[in-house]
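Only one structure is covered here, and it is reproduced in the block below.
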Amino acid sequence: METKRWNIQRETEINKQFISEAAALLRAGETVAFPTETVYGLGADATNQLAVAKIFAAKGRPQDNPLIAHVANVEQFQQLVDNLPDYVDDLIAAFSPGPLTYVVESNGVCAENVTAGLSTIAVRIPDHPVALELLRACNFPVAGPSANISGKPSPTTADHVYEDLTGRIAGIVDGGPTGVGVESTVISCRENDVVILRPGGITKEQIEKIVPVTELRNEIVDKPASPGMKYKHYSPDVPLWLVDGDTEKIQKVIAEERGKGKKVALLARDAILELVEADVSLSLGSSLEDVANKLYDNLRKIKKSDADLMVSEVFPESGIGQAIMNRLKKAMTAYIS
Ligand code: AMP
Ligand code: MG
């Protein structure tokens with residue numbers, strides 16, 4: 001299959017022609033990748049079972065892992081769901097469009113493979129001008145998991161999508177690098193509280209201002225509350241060790257491994273990279289927001305270096321740090337404390 005690519009990242013005004021071509025392919029039951037503020041999504045018409053099946057095939061995604069339906073506005077949101085708890089309006093007013101996904105009762109409008117046969121559906125309004133323009137042009141819900149091969153880091157640039165999926169999907173809308181860099185927060189909306197199924201761009205602290213939050217442990221469990229929890233997100237090509245300690249400790253671990261002849265890459269913020277000697281430096285910037293934004297790109301870059309081992313610092317689990325540590329723990333091969 002030829003993968004068409006539209007470049008609208010340098011436009012000041014979004015190219016309507018490109019958007020309508022991409023929307024036409026989606027309407028015809030094809031898959032098209034598009035930028036969101038979190039990561040690139042792989043879209044298909046969520047009401048079309050055959051179109052949605054193409055997402056699972058292109059990604060190699062397990063059939064029992066449900067997808068998020070993306071919509072442009074609250075009206076389209078309401079067309080997919082039943083019995084919304086009252087507080088959801090307040091959450092939507094505060095955080096949508098944005099990196100928050102609501103798991104709520106489905107009314108059956110979306111195809112069965114979107115929800116993997118569950119009675120609930122995950123819905124999100126992304127906060128990205130290109131995504132919103134595309135969703136408005138479609139006027140149907142667009143199922144959109146991350147646009148990567150399952151098991152690889154999520155794509156934060158169109159080039160990442162190209163690397164993984166060219167020839168397997170009908171198109172890629174290139175809207176430049178994404179902003180947040182880690183996936184949306186997924187919440188299960190129960191009657192009087194929410195459960196965070198996956199930490200992400202909207203933090204627990206933000207949600208708690210509106211509705212009580214009950215926490216789940218984020219280990220891989222036998223009977224997961226969310227199917228995605230049982231899958232390891234990403235197994236890097238190079239072992240990843242998280243080192244919980246100060247710069248001296250990180251330096252000691254790296255020096256020991258280099259002493260055994262290994263080439264070691266350090267994945268850390270600049271303040272640490274300046275103080276610790278390693279063979280390869282993978283910069284995560286300075287703020288936790290920078291870390292989220294740069295994480296997946298660096299996990300992909302490691303493949304192109306000749307490092308034998310990747311060592312990462314451990315980040316504070318507050319704010320966006322919760323999402324960062326959730327993803328790193330899923331990717332790590334060892335935790336050294
Ligand atoms: P992804 O599309 O890979 O970013 O992941 C979407 C996440 O939402 C996965 O972890 C899914 O398992 C989860 N999810 C989607 N729909 C539901 C649902 N109806 N109930 C619980 N979790 C869901
Ligand atoms: Mg994904």
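Indexing begins at 1, ligand by ligand and atom by atom, following the structure's order.
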With heavy-atom distances below 4.0 Å as the criterion, list the atoms of ligand 1 near [X].
| X | answer |
| --- | --- |
| N65 | 9 (C), 11 (C), 12 (O) |
| L197 | 21 (C), 22 (N) |
| A122 | 15 (C), 16 (N) |
| L118 | 18 (C), 19 (N), 20 (N) |
| V103 | 18 (C), 19 (N), 20 (N) |
| R198 | 1 (P), 4 (O), 5 (O), 6 (C), 7 (C) |
| I68 | 6 (C) |
| P145 | 2 (O) |

Legend entry - N, O or S from S146 under 2.8 Å to the Mg ion (ligand 2): yes

Legend entry - Qualifying residue, where the test is side-chain contact (heavy atoms from CB on, under 4.5 Å) with I207 and the options are T203, I210, V211: V211

Can a salt bridge be assigned to the pair [X] and [Y] using a cut-off of 4.0 Å between side-chain N and carboxylate O?
| X | Y | value |
| --- | --- | --- |
| R5 | D159 | yes |
| E163 | K152 | no |
| E37 | R124 | yes |
| K330 | E183 | no |

Inset, instruction - Quick one: pull up CG in L67 and OG1 in T101 and give me the separation to the nearest 0.5 Å. - result: 11.5 Å

Inset, instruction - Nearest 0.5 Å please: distance from the CG atom of L282 over to the CG atom of L266. - result: 7.5 Å

Should the proximity of [X] to ligand 1, defined as any heavy atom under 4.0 Å, be assigned to the side chain, the backbone, both, or neither?
| X | answer |
| --- | --- |
| T120 | both |
| T101 | neither |
| T115 | neither |

Legend entry - Check: N107/Q79 side-chain N/O donor and acceptor closer than 3.5 Å: no

Inset, instruction - Check the side chains of S283 and D270 for a donor-acceptor pair under 3.5 angstrom, ignoring hydrogens and angles. - result: yes

Inset, instruction - Please confirm whether E183 comes within less than 3.5 Å of ligand 1 when only nitrogen or oxygen atoms on both sides are compared. - result: no

Inset, instruction - Consider every N or O of R61 and every N or O of ligand 1, then say whether any pair is closer than 3.5 Å. - result: yes

